[in-house]
Amino acid sequence: MKKYIFLILLQTLFVETAFSQKVIPASVSSNAVYPKLVIGIVIDQMRYDYIYKYWSKYCNDGFKRLVNEGYSCKNTNFNYVPTYTGPGHASIYTGTTPAIHGIVGNDWYDREVASRVYCVKDKSQKTIGTLNEKDSSGSMSPHRMLTTTITDELKLSNNKKSKVIGISLKDRGAILPAGHMANAAYWMNAEGMWISSSYYMKNLPVWVTNFNAKSLTQKYLSQVWNTLLPINQYTESLSDTNVFESPYEGELLPVFPHNLLEIVKKEGNELIKATPFGNSILKDFAIETIKSEQLGKRTFCDFLALSFSSTDYLGHQFGPTSVEVEDCYLRLDRDIAELLKFLDTYLGKNNVLIFLTADHAAPENPLYLKSLGIGAGTIDGSTFKSVNETLKNMYGDSIIEKYINQQFYLNNKVIGRRKLDKVDVENYIASQVVLVKGVAASVTRTTLCNSEFTESPRMLIQKGFNQKRSGDVMLNYEPGWMDYVTLGTTHGSAYSYDTHVPLIWYGYLIKHGSTVEPINITDIAPTLALLLNIQFPNGCTGKPIQMLFK
Ligand code: ZN
Ligand code: ZN
């Protein structure tokens, strides 16, 4: 009898062990069943076509390797506006849009405090990693993000055993992806040093202090930036001497070679962010993070969220068709190749799950488009001066409190004091602003709260509209029109030049292939959740990408 019970027990144990190998939670390490490390790579301002535009000049081990060995979702788009960095990173990692996660812009107007607020600013936190008492660049946290991220869910799945770290040159590019429960987020201050916030830690780990002590920023800036390949090979870009680019401070013309040794004297160490070497130092720091924190070498699945931002700084300054931006991508390609090669020997390809995407894309410079006969132009608050004056004459007071993120915030106090009908005021403004050149359409808060749009661009406005944080009259510009820039470019619209980004999956469980099926940026987080067998983020509205599981 005893023997019989023992056998049953043994059998139960065996069955449970066999079964648990199949449905083992992400918190339990297994070479074959779960990745040891997830790396999210966001390339700031990367258009999907950059993969193909520069293809012949990429090396075999960077972007080409990701495409040739991984799975490309070639038709991935942002499904809300405004297409900016803060909302972009939040939407990738929360699997939902600003309507729900609340990051409605990099900055927005906060009616309660009657001022502009920055998406990750948190005055209750201090900078960690600087001796300069006045350096507030670390007084940041994710406190304004209203939902969990996929990185939060990974930590919730195993009682916080997974390590989650976010790294970017930009605070928002590190903080929002790493979520509310991160072990750390690091970004770069004006001195070119890696810092953090008291939200995460009391002191920098010794390895970060040691990394800063190497003064790599200064080393990278002690050179003349010349093109990686002979400049006459940059045939995909405009001539280097075109008139649509901004020079660095102190530079007469925005042309190669860029003497960083001289420019740094004017711009300071922060200059590194607006050179391809900002991406290189991020790659160096990422490899150091993986080694020092033993990411992927522990019992639990770890997550490193990387965001390469120099592409965005250079895009804004020189525009998407510049030799500078092309050179930045060719160098980033080599940096990514180095990171992949390191992971090969450190963990092995099948133990790492990587996805690569962007936080938004970017249009051509408006003056360049105009020179080609294509409609384009720029708009800012002053564009609506005549509308403002008409309103003042009608109501005898300033009805518009703020114009930001293509939205008007109305002054509710004046509307209340003068006993105006708010809906009438919204409708009147909406009807007037579309008369302005470059404005294609407008939609009011009341309409957004009472209807459901299913087609772009109004659907994208609705998904970017947060009832508490957004404005009262939202605009959509004509294609080619953007917020004010003369040289370089900017982004933010609902059009594909701003919404269409790359999405490549690589490594653990990922088969080679590609699809042109439409995919939303919010589909990344739930896809990750299924690959890791964990909960979806708590505000998730995206859908898992089915092709990856076939
Ligand atoms: Zn960005
Ligand atoms: Zn940008």
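This is a predicted model, so every value here is computed, not measured. All residue numbers refer to positions in the sequence shown, counting from 1. Numbering of ligands and ligand atoms starts at 1, following listing order.
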- Task: For Ser493, enumerate each residue passing the side-chain contact (heavy atoms from CB on, under 4.5 Å) test, keeping only those at least two apart in sequence or located in another chain.
- Result: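 Scan of Ser493 (side-chain contact (heavy atoms from CB on, under 4.5 Å), adjacent residues dropped) gives Tyr495, Tyr497, Asp498.
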
- Item | Partner set under side-chain contact (heavy atoms from CB on, under 4.5 Å) for Val255, not counting sequence neighbours |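 Checked Val255 against side-chain contact (heavy atoms from CB on, under 4.5 Å); matches are Asp240, Thr241, Leu253.
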
- Query: What are the protein N/O/S atoms, named by residue and atom, that sit under 2.8 Å from the Zn ion (ligand 2)?
  - Reply: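 Less than 2.8 Å away from the Zn ion (ligand 2) sit Asp312 OD1, Asp312 OD2, His316 NE2, His491 NE2.
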
- Do Phe63 and Tyr54 have ring centroids that are under 6.0 Å from one another?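 Aromatic pair excluded; centres sit 6.0 Å or further apart.
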
- Message: Checking one value in my table: which N/O/S atom of Asp359 lies closest to the Zn ion (ligand 1)?
- Response: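 Considering only N, O and S atoms, Asp359 comes nearest to the Zn ion (ligand 1) through OD2.
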
- Task: Apply ring-ring contact (aromatic ring centres under 6.0 Å, His included) to Phe318 and list each qualifying residue two or more places apart in sequence or on a separate chain.
- Result: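 Tyr248, His258.
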
- Over all heavy atoms of both residues, which pair between Ser196 and Ala185 is shortest? Give the atoms and the distance, please.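 That closest heavy-atom pairing would be OG-O, 2.7 Å.
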
- Quick one: closest heavy-atom pair of Ala494 and Asn476, and the distance?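 That closest heavy-atom pairing would be CB-OD1, 4.3 Å.
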
